[in-house]
Amino acid sequence: MTRLSRPDLAKRIAADIPVGAYVNLGIGAPTLVADYLPEDRNITLHTENGMLGMGPAAEGDQIDPDLINAGKIPVTELPGAAYFHHADSFGMMRGGHLDVCVLGAFQVSVKGDLANWNTGAPDAIPAVGGAMDLAIGAKSVWVMMDLLTKQGESKLVEQCSYPLTGVGCVSRVYTDLAVFEVGAEGATVLESFGESMDELRRLTGIDLKG
Amino acid sequence: MTRLSRPDLAKRIAADIPVGAYVNLGIGAPTLVADYLPEDRNITLHTENGMLGMGPAAEGDQIDPDLINAGKIPVTELPGAAYFHHADSFGMMRGGHLDVCVLGAFQVSVKGDLANWNTGAPDAIPAVGGAMDLAIGAKSVWVMMDLLTKQGESKLVEQCSYPLTGVGCVSRVYTDLAVFEVGAEGATVLESFGESMDELRRLTGIDLKG
Amino acid sequence: MLSKISPSVSDALAGIADGATIMIGGFGLAGQPVELIDALLEQGATDLTVVSNNAGNGDHGLAALLAAGRVRKVICSFPRQSDSHVFDGLYRAGKIELELVPQGNLAERIRAAGAGIGGFFTPTGFGTTLAEGKETRTIDGRDYVLEHPIHADYALISAYRADQLGNLTYRKTSRNFGPVMASAARVTVAQVDRIVPVGSLDPESIITPGIFVTHVVETGDRPWIASGQFETEAEEAEA
Amino acid sequence: MLSKISPSVSDALAGIADGATIMIGGFGLAGQPVELIDALLEQGATDLTVVSNNAGNGDHGLAALLAAGRVRKVICSFPRQSDSHVFDGLYRAGKIELELVPQGNLAERIRAAGAGIGGFFTPTGFGTTLAEGKETRTIDGRDYVLEHPIHADYALISAYRADQLGNLTYRKTSRNFGPVMASAARVTVAQVDRIVPVGSLDPESIITPGIFVTHVVETGDRPWIASGQFETEAEEAEA
């Protein structure tokens, strides 16, 4: 199979983010997208713990414990940044002011349901953080994930078996094998990185549209 | 009848405001109370258009069109003042953070219902402003008014005939003839400025407690 | 760098269509976007719904827009003022619709629109004629009325300083409805006294982050600022 | 002038009773009121409900309070972290109650308490297990869950500067839950790096007005500030 590497997938996602967009990049792999946003595209990063205009991770002397991102990693501030409190920050998300939010996922359904906060394991200690807010927190919510688990099961599914984070909230799924559009109309392949439609249908077990 | 003058009534109300209180003084007569708040009592004035730490009315060179009170009168700023937007300002009121609010009234009922925004005249153009927010916007809502109309009708009533501003919100009524406590238990005379209990009962037509 | 600076008030308002809902900031003169209101009058859009604390004073600004028959409905808290004769006449003649909203509910409904809240229970107005027909509920012994968000197509607001990213600061009580209105409209236009370079506004003191602002127009120091009477300490330091 | 300055963290917390609900600010280390949490541990009140974004890290601070068996219930968004072994152990042993709330709903519920809102419809969590048993409603085609305010007896927060009136400013992303928690508690205690004279905080830049603050305790510049590494421009100007 032709698989895009994580950095290449991050690059692919970055290319789809519109000029001038306000963007929230979820914890984990989505953070990589930041490395591929050219400066001249004027993309502003939001971190839900209260900042617009977030810069790259802080290094050495730049590390300031009062300036962290949602993953609690020290970051930097770009010119034109602004700080606000948690209710204002999540109001900004909930109010649909962010253009794009990129999230990781355990599963996404063809209708755009998202499961990314809890594996449903009976002994798991639940922790949701901002996941459910991010799921409904942008004009476009995109998922970045491998299409298949290590066991070869599709993470794009007819119906999520894991506990949901949000209902019908995801519009696009970027995976290592292909890019999908999901929603009320079901799943459509927007771009394959090598696999045929039939092969993608076989791997996912879903009647994908082309 | 022994009537307290407006300034004397304002002085009387001012004396009851606790040290360190946060206070909103409604438009009109209640504004007079500000003139009788000694500096050493550390009372902070709120104006619902977005300010704590309001100073006296501005004069001459002090007049700044960007710095007005809720009555749209230019005012001044005291050291330690703070500005905030309308939703924050009314949240502060609604959330019960102000200690005292002093309002004018057309009528107050023995149960503490307030009518002060609309005479109910059929041709009146309705305008409510912040009246309903102020009515529920402090730990203690006090009314400052004449006890009787010019026609000699009591403005302290069993039940308001004018449209209500708020239900059961007033706790104390300062009038030119007496001070009353109102609420679920009915009306009690806290202090008379000269009239006997019987005379106050006769004037109001209410079975006042003494 | 992308810039939200618009060359003129008319450019900034070009997209307003007939039937639009327009929020207009300000409380009295403080925070009133005078130049934007005048530009809206010139722009020509009609059948408007205006959301604003007041419904116009005298014969200029919002009053002129009303007088020109361009406003179908006003959502406000305090339409009647000593000099609101234009609104008064239209209202008495049945030529304008009024939705009267207590001032704090107005601010909170606008805030709710910006913050994605579908409705909220407020104690303000409970038991009054302004809550007639509205859902009520007793929660923890207190009575509330259910109120819904007010969204707009455009918000026209006035601020003090902006940078080209649309970050805004305000001055004193002219802040009033600006920040919540900026968050509640599809397109927000801010007129500001001065546009300053990106990075010169303190990130701790930006009241409206640029994400809420679509167009910024510099309209120059207002007379009482231009006179130098009220120069702020920060600007003295800058000078 | 009345002063809200408390001579020590222990004085400021003296009134906390058993069974109290305590909000604790901070997101990770940023904005965490370290000295106040330590003082709460010493203070002795038990059977507490703690409202905080996290449920403690490592063995100090909130984790130590939990380990001492002083907390009956935690209301938070993210209890599980790499080093949340104290909470994890108590939770697995059934010795602590957890109310898990999505982070934005947590912030909004706290804000609602401070702003006198009786409840609000939020889209966050709709259709998930965290909305089970809660009232839902479709408004204008969108699905919402009804959420209620979270009030507290005490809020313990950390800020950057205070004056003796209790006005507060924050520093960068340490602002987080501080302003909303300050508004939602009967008593708010703020630890700050430095107390400055009344009038020296810019009235446009005060984030938490003193009306929301009961006690202020100066705890001194934190190490990364004391080192001089991050001196702000304003303070350079002041110096």
Side-chain angles (χ1 to χ4, degrees), chain B residues 27 47-51 54 60-77 81 83-96 113-115 117-118 120 123-137 160 162-169, chain C residues 27-32 53-55 76-81 84 87-88 91-92 98 100-112 114-115 122-131 142-143 160 170-181 183 207-208 222-225 229-230:
Chain B
I27 296 172
T47 181
E48 61 264 36
N49 54 316
M51 180 187 198
M54 179 173 67
D61 268 8
Q62 296 176 320
I63 292 173
D64 180 342
D66 287 337
L67 179 46
I68 60 175
N69 67 11
K72 291 166 189 161
I73 308 293
V75 292
T76 52
E77 167 191 300
Y83 297 102
F84 28 84
H85 62 58
H86 246 76
D88 279 350
S89 184
F90 281 78
M92 197 179 280
M93 293 157 63
R94 199 190 303 113
D113 296 346
L114 172 68
W117 77 283
N118 190 334
D123 65 332
I125 290 177
V128 66
M132 291 184 180
D133 306 277
L134 288 162
I136 55 93
C160 296
Y162 289 130
L164 290 190
T165 309
V167 178
C169 52
Chain C
F27 179 87
L29 184 62
Q32 195 174 111
N53 190 59
N54 303 107
C76 76
S77 88
F78 208 74
R80 186 198 61 219
Q81 299 189 264
S84 60
F87 173 82
D88 299 2
Y91 181 78
R92 291 216 162 91
L98 169 66
L100 190 69
V101 184
Q103 200 171 141
N105 286 356
L106 183 65
E108 189 70 10
R109 290 175 64 186
I110 295 168
R111 189 247 173 209
T122 172
T124 305
F126 178 86
T128 74
T129 54
L130 295 190
R142 194 172 195 194
D143 296 319
Y160 185 51
Y170 300 83
R171 187 166 178 274
K172 304 187 185 283
T173 57
S174 70
R175 188 184 300 189
N176 58 67
F177 283 94
V180 285
M181 286 184 171
S183 76
I207 302 301
T208 296
R222 290 158 304 150
W224 58 94
I225 309 287
Q229 194 177 336
F230 298 111

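These numbers come from the heavy atoms of this one structure, side chains and all, not from hydrogens, waters or symmetry mates. These numbers come from a predicted model, not from an experiment. Protein chains get the first letters and strands the later ones, always in sequence-line order, with residue 1 at the start of each.
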Quiz item: Is the distance between the ring centroids of C:Phe27 and B:His86 less than 6.0 Å?
Solution: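 Distance test on ring centres: under 6.0 Å, yes.
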Practice problem: For C:Lys172 and B:Asn49, test the side chains for any donor-to-acceptor distance below 3.5 angstrom and give the result as yes or no. | Solution: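 Result is no, nothing qualifies.
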Quiz item: Which one, B:Gly130, B:Gly50, B:Pro65, B:Ala87, leads in non-hydrogen pairs under 4.5 Å with chain C?
Solution: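 Going by pairs under 4.5 Å, I would pick B:Pro65.
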Can you tell which part of [X] gets under 4.5 Å to a heavy atom of chain B, answering side chain, backbone, both or neither?
{"X": "C:Arg109", "value": "neither"}
{"X": "C:Asp143", "value": "neither"}
{"X": "C:Phe177", "value": "both"}
{"X": "C:Leu98", "value": "side chain"}
{"X": "C:Phe87", "value": "side chain"}

Practice problem: Measure the spacing between CD1 of C:Ile207 and NE2 of B:His85 and express it to the nearest 0.5 Å. | Solution: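 It comes to 8.0 Å.
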Exercise. Please round to the nearest 0.5 Å and tell me the distance separating atom CG of C:Leu29 and atom CD1 of B:Ile68.
Key: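 Atom-to-atom, C:Leu29:CG and B:Ile68:CD1 are 7.5 Å apart.
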Quiz item: Would you call B:Ile125 and C:Gln81 a side-chain contact if the rule is heavy atoms closer than 4.5 Å?
Solution: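 When only atoms from C-beta onward are counted, C:Gln81 and B:Ile125 do not touch, as no gap falls below 4.5 Å.
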Quiz item: Do the side chains of B:Trp117 and C:Leu130 get nearer than 4.5 Å, heavy atoms only?
Solution: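 Yes, close enough: below the 4.5 Å cut-off.
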Quiz item: Taking C:Ala131, C:Ala30, C:Gly127, C:Pro102 one by one, which has the highest count of heavy-atom pairs under 4.5 Å against chain B?
Solution: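 Top option by heavy-atom pairs under 4.5 Å: C:Pro102.
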Quiz item: Looking at B:Asp88 and C:Arg111, does any basic side-chain N land under 4.0 Å from a carboxylate oxygen?
Solution: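 Between C:Arg111 and B:Asp88 there is no salt bridge, as every charged N stays at least 4.0 Å from the carboxylate O atoms.
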